[in-house]
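Before I ask anything, let me first share the structure, which is written out below as structure tokens.
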Amino acid sequence: MHPPSERSFATTYHAPVLVHEILDFFKESRVVIDCTLGGGGHSQAFLEDGKEKVYGIDRDPTAIREASERLAGYKDRFVAVLGDFTKIDQIYPLNSVRPDAILADLGVSSHQLDDESRGFSFRPGVSLDMRMEEEGGLSNLQSAATLLNTMDESSLADIFYNYGDEPKSRRVASEVVRRRNHKPFETSDDLVNAIRSALGPRSGPGDFARIFQAVRIAVNDEMNGLDEGLVRLKDKLTPGGVLAIISYHSGEDRRVKNAFRDWSTKCKCPPIQFQCTCSGVSDGTLVVRKAVTATPEEARLNSRARSAKLRVWRKSE
């Protein structure tokens, strides 16, 4: 068997990113929580690296089934848990678990993108769903179609701008509202045609990807969940534990960067306050000051790795 440093851990379900970099940051850890299990690639890498226990969390029952089957050979060293990692303190099987390393790989898995029934893709004829959970899941999420058909124009514009970095967000939102008044949005074609109409005939896959990403983030409440979840992950770690976050969107990365910076600052008093009245002790330190990105070789082999940014933080002992 090849050592972990020489393996990719990719499957037809999902190709994990930055595996070897994360293994290096987690080399001293024994108990790991993989917050976004997906196909189990990162979890398998941790198990192959000799971790004593690995817990995998995912909101998607399909991911839980796939990873559990894939990693069954590791027996009780691996435990898969259905749940939302941003509410890790409310996941019953993990109540007593105190990990010394936590990974959260944000975004969607390759399998979710490829499974047209899940509605993440802008391929023709795909239903506008985009929920990371299956129908009637943990959070009772509304579909992308429901969001596009019911949300007011101003809120839609904010979503396209804040979550998709779309400079013409108001124009796109206006076109969505105009079109839905004649026919409700049902498939990817409805949203693609609205984007084309708003941005012009030169618009293409890059524009579609930005808007679809924005809608997905809104449907799953990913940004608000991330803000709350980061604090809960920090609190879950044992003293000296390491927290690693992989993000694919500038808004996600900015939230992670700011949280890690704030936790690493000794004085947390407001800038206008003349004298420090807080504890003056930081929660931890940055392991890397700049985000780690994929090597050119990994980016060539796995397109998803091209936009991945890894930030790592260590809790004080």
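Every heavy atom of this structure was used, including side-chain atoms; hydrogens, water molecules and symmetry mates were not.
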| For Asp89, does its backbone N or O pair with a side-chain atom of Arg232 as donor and acceptor, under 3.5 Å? | no
| message | Does Arg180 have more than 12 heavy atoms from other residues, nucleotides or ligands lying within 6.0 Å of its CZ? | response | yes
| request: Check for a donor-acceptor pair, side chain of Asp221 on one end and backbone N or O of Ile217 on the other, with a separation under 3.5 Å. | output: no
| note | Interatomic distance, CG@Leu233 vs CD@Glu228, rounded to 0.5 Å, equals 12.0 Å
| message | Taking Arg216 first and then Glu222, would you say they form a salt bridge - that is, a charged N and a carboxylate O separated by under 4.0 Å? | response | yes
| request: Answer yes or no: does atom CZ of Arg261 have more than 12 heavy-atom neighbours from other residues, nucleotides or ligands under 6.0 Å? | output: yes
| field | Side chain Ser29, main chain Phe26, donor-acceptor under 3.5 Å | value | yes
| What residue pairs, at least two apart or across chains, pass salt bridge (charged side-chain N to carboxylate O under 4.0 Å, His left out) with a residue in residues 190-210? | Glu166-Arg210, Lys183-Asp190, Asp207-Arg210
| query | Looking at side-chain heavy atoms only, is the closest gap between Val177 and Leu156 below 4.5 Å? | reply | yes
| request: Using modelled atom types only, decide if a donor and an acceptor are shared between the side chain of Thr187 and the backbone of Gly125 within a distance under 3.5 Å. | output: no
| field | Under 3.5 Å: donor-acceptor pair, side chain of Ser174, backbone of Arg171 | value | no
| query | Is Lys309 atom NZ crowded by more than 12 heavy atoms from other residues, nucleotides or ligands, each under 6.0 Å away? | reply | no
| task | Look at Glu66 together with Arg70 and state whether they make a salt bridge at an N to O cut-off of under 4.0 Å. | result | no
| query | Is it the case that more than 12 heavy atoms not belonging to Arg255 sit under 6.0 Å from its CZ atom? | reply | yes
| field | Glu186 (side chain) donor-acceptor with Leu128 (main chain) under 3.5 angstrom | value | no
| Partners meeting ring pair (Phe, Tyr, Trp, His ring centres under 6.0 Å) with Phe78 (sequence neighbours left out) | none
| Which atom pair, heavy atoms only, marks the closest approach of Ile91 to Val81? | CG2-CG1, 3.4 Å
| salt_bridge(Arg304, Asp105) N-O dist < 4.0 Å | yes
| Below 4.0 angstrom, N of the basic side chain to O of the carboxylate: do Glu175 and Arg178 qualify? | yes
| query | Which pair of non-hydrogen atoms, one from Leu310 and one from Ile246, has the smallest distance, and what is that distance? | reply | CD1-CG1, 3.8 Å
| task | Give a yes or no on whether the backbone of Phe185 and the side-chain of Asn149 come within a donor-acceptor separation of less than 3.5 Å. | result | yes
| Hey, what do you get for CG (Leu37) to CG (Leu103), rounding to the nearest 0.5 Å? | 10.5 Å
| task | Provide the closest heavy-atom pair for Gly41 versus Pro16 in the form atom of the first, atom of the second, distance. | result | CA-CG, 3.8 Å
| field | Under 3.5 Å donor-acceptor, Asp189 side chain and Pro124 backbone | value | no
| request: Would you check, one step at a time, whether the test side chain to side chain donor-acceptor pair (under 3.5 Å) holds for Tyr163 with Glu252? | output: CA-CA 9 Å; Tyr163 299 162; Glu252 292 172 335; over 6 Å; no
| query | What do you reckon, is CD of Gln90 surrounded by more than 12 foreign heavy atoms closer than 6.0 Å? | reply | yes
| task | Examine the side chains of Ser143 and Asp129 and answer whether a donor and an acceptor come within less than 3.5 Å of each other. | result | no
Taking only distance into account, with no hydrogens and no angle test, what donor-acceptor pairs under 3.5 Å do side-chain atoms of residues 235-245 form with protein atoms, sequence neighbours excluded?
residue	atom	partner	partner atom	Å
Lys236	NZ	Leu94	O	2.4
Lys236	NZ	Val97	O	3.1
Thr238	OG1	Pro99	O	3.2

| said: Between Ser169 (side chain only) and Phe160 (backbone N and O only), is there a donor and an acceptor less than 3.5 Å apart? | reply: no
| query | Is the backbone N or O of Asp84 less than 3.5 Å from a side-chain atom of Arg59, with the two atoms forming a donor-acceptor pair by type? | reply | no
| task | For Ala144 and Val219, work out which heavy atoms get closest and say how close. | result | CA-CG2, 3.6 Å
| message | Between Asp152 and Ser155, is there a side-chain donor-acceptor contact under 3.5 Å, judged purely by atom types and distance? | response | yes
| message | Between Asp165 and Ser250, is the side chain to side chain donor-acceptor pair (under 3.5 Å) condition met? List the steps. | response | CA-CA 8 Å; Asp165 299 321; Ser250 60; 3.0 Å; yes
| query | Are Trp313 and Ser264 linked by a side-chain donor-acceptor pair shorter than 3.5 Å? | reply | yes
| query | Can you tell me how far CZ of Arg170 sits from OG of Ser154, rounded to the nearest 0.5 angstrom? | reply | 5.5 Å
| note | Scanning both residues in full, the closest heavy-atom pair of Arg311 with Asp253 reads NE-OD1, 2.7 Å
| task | Could you check whether the rings of Phe46 and His42 sit parallel, tilted or perpendicular, using 30° and 60° as the cut-offs? | result | parallel
| request: Return the minimal non-hydrogen interatomic distance between Pro61 and Leu82, and the atom names on each side. | output: N-CD1, 3.9 Å
| Crowding at NZ, Lys257 (>12 non-hydrogen neighbours, <6.0 Å) | no
